[in-house]
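Only one structure is covered here, and it is reproduced in the block below.
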Protein chains: 2
Amino acid sequence: MTDTDNNSLPERKRGSGVKMVYDLLRDEILDLVLPPGSPIDEVQLAERFKLSRTPIREALVRLAGEGLIDTLPNRSTMVSNIDFLNLHTFFEALVLMYRVTTRLAAQNHRPEDLPVIRGFHEDYAAAVQSRDALAMIATNAAFHAAIAEAGRNPYFTGLFRRLLDEGRRILRLYYQSYEEQFPQRFVDEHAEIIAAIEARDVEVADRLGKAHAEQIVEQVQKLFTRANKLDIAL
Amino acid sequence: MTDTDNNSLPERKRGSGVKMVYDLLRDEILDLVLPPGSPIDEVQLAERFKLSRTPIREALVRLAGEGLIDTLPNRSTMVSNIDFLNLHTFFEALVLMYRVTTRLAAQNHRPEDLPVIRGFHEDYAAAVQSRDALAMIATNAAFHAAIAEAGRNPYFTGLFRRLLDEGRRILRLYYQSYEEQFPQRFVDEHAEIIAAIEARDVEVADRLGKAHAEQIVEQVQKLFTRANKLDIAL
DNA sequence: TGTATTTTATTTGTCGACAAGAAACATACA
DNA sequence: TGTATGTTTCTTGTCGACAAATAAAATACA
């Protein structure tokens, strides 16, 4: 592509190359800078980062482990596709993780967790205010990830983070074409969730988490069906 | 170690080395042949498999991605430890996944799934019959993994498989010292679960899955506290 | 004897190069 | 014209070697 990004990498420390490539590629995949199906060329990446293929390869193996890229043996490797036919399994898992993590946060959170959560809450509110759809996606994910962390179950947070990542891709796909936005309502719901967590009201937190998740899923599905009606070529 | 396993690998195909190393190391870790904390030496493995360090490294990166080994940068890499202090989060996640996968199996299974599930059910019954604790662990995990597959939600099956793997390590740890066994009761419960799945009775499947999981967790926790009383050095 | 500093050794991270596999292309043959 | 075979090209998988980072050992010094 263009060689406009070969600045800002004059010196790197020993183990940092892999992480840099991994982080950057991951972001580019989740932000659809590299849309699903994009070919990933090791040599090209090696030149771009001025590294040998070895650390590039390690980053790719990690991305493949998270299902973000698909590797055909001895052939090409490309950004993994979004499985629209099984989106319902994604929503199913997402709703459950919303519930569980919110519930556990109400149960297990520590005082120091709340400022962090509130911080992302305000970021999200600001994004809604300024109608920045992409910032909404990011801050919403960060908000719920912080809640999950406060729930302190690494197995759930691990799955939840992956689901939020995948959701980032899916949402960005739609928000590219349709200037939709998460309504103010979600901000209010976030506030309610925080209150339930702070009050350690497990059942309310569970219920709110579930309702909130279903709101979001419904919103996305609405976008989805609308998109399907417009461009039939899928 | 001993050089008694350098037979049976005269010819390998191009992409097969990594998978072989990955599979074998994974098994050795889960079977506690490589107990938690064991050092992993790349050069040693390279000699053992008669490969260069590159494919070994790739296998290790994948194992690290699944949390089976820990890598200290620029220093050693070793089999990851079992976090006994947070076992409750493991049980928590395990019980939920038992429930969800059983419930979804009742909802989504196809006719061809049942023979597979029944097959593992019989394997497990045979293991109980012959009082082979290690076979019980393996067949029980395979049984529930098959149910999860029939549920057809890859996000849940992915997490569940990881949990079952971790459980394999934990159980094997205890069964090394204490010749306990899963009672016949679990066999009967498995039969009930199959019946509920076949009848597509979602609620009963959910309830049975939960009860079954809690049985198992209770059993393991009993072993755990007993072990703690005996060897205090932990 | 105990602590600080230098030296050695071991292990990891990175590199450039080469060979295998598969796809794309070209050629021969009916 | 269409199929089959051979060739080329491109990408990946693997290798051996080297350099950096750290730990261990050795040495100097109080």
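Proteins come first, then strands; the chains are lettered A, B, ... in the order of their sequence lines, and each starts at number 1.
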Atom CZ of A:F49 and atom P of C:dC15: how far apart are they, to the nearest Å?
-> 13 Å

A:E47 CD to C:dC15 C1': how many Å, rounded?
-> 15 Å

Counting just side-chain N and O atoms, does A:T54 come under 4.0 Å of either OP1 or OP2 of C:dT14?
-> no

In whole angstroms, how far is the P atom of D:dC15 from the NZ atom of B:K50?
-> 12 Å

Send over the distance from B:L45 CG to D:dT14 P, rounded to a whole Å.
-> 15 Å

Hey, what's the ring geometry for B:F143 with B:H121, parallel, tilted or perpendicular (30° and 60° as the breaks)?
-> tilted

Roughly how many Å is it from CG in B:L51 to C1' in D:dG16, rounded to a whole number?
-> 14 Å

Separation of atom NZ in B:K19 from atom C1' in D:dT12, rounded to whole Å | 19 Å

Interatomic distance where NZ belongs to A:K13 and C1' belongs to D:dA19 [whole Å] | 18 Å

Give each protein N/O atom lying under 3.5 Å from an N/O atom of nucleotides 5-12 of chain C, with the pair distance.
from	atom 1	to	atom 2	distance (Å)
C:dT12	O2	A:R14	NH2	2.2

Is the shortest distance from a Lys or Arg side-chain nitrogen in A:R48 or A:E28 to a carboxylate oxygen in the other one below 4.0 Å?
-> yes

Under the 3.5 angstrom rule, does the side chain of B:S80 hit a backbone N or O of B:L68 as a donor-acceptor pair?
-> yes

Salt-bridge present (A:D113, A:R118; N to O < 4.0 Å) = no

Indicate the ring-plane relationship of A:Y98 and A:F160, choosing parallel, tilted or perpendicular according to the 30° and 60° boundaries.
-> perpendicular

Salt-bridge contact A:R169-A:D31 (side-chain N to carboxylate O under 4.0 Å) = no

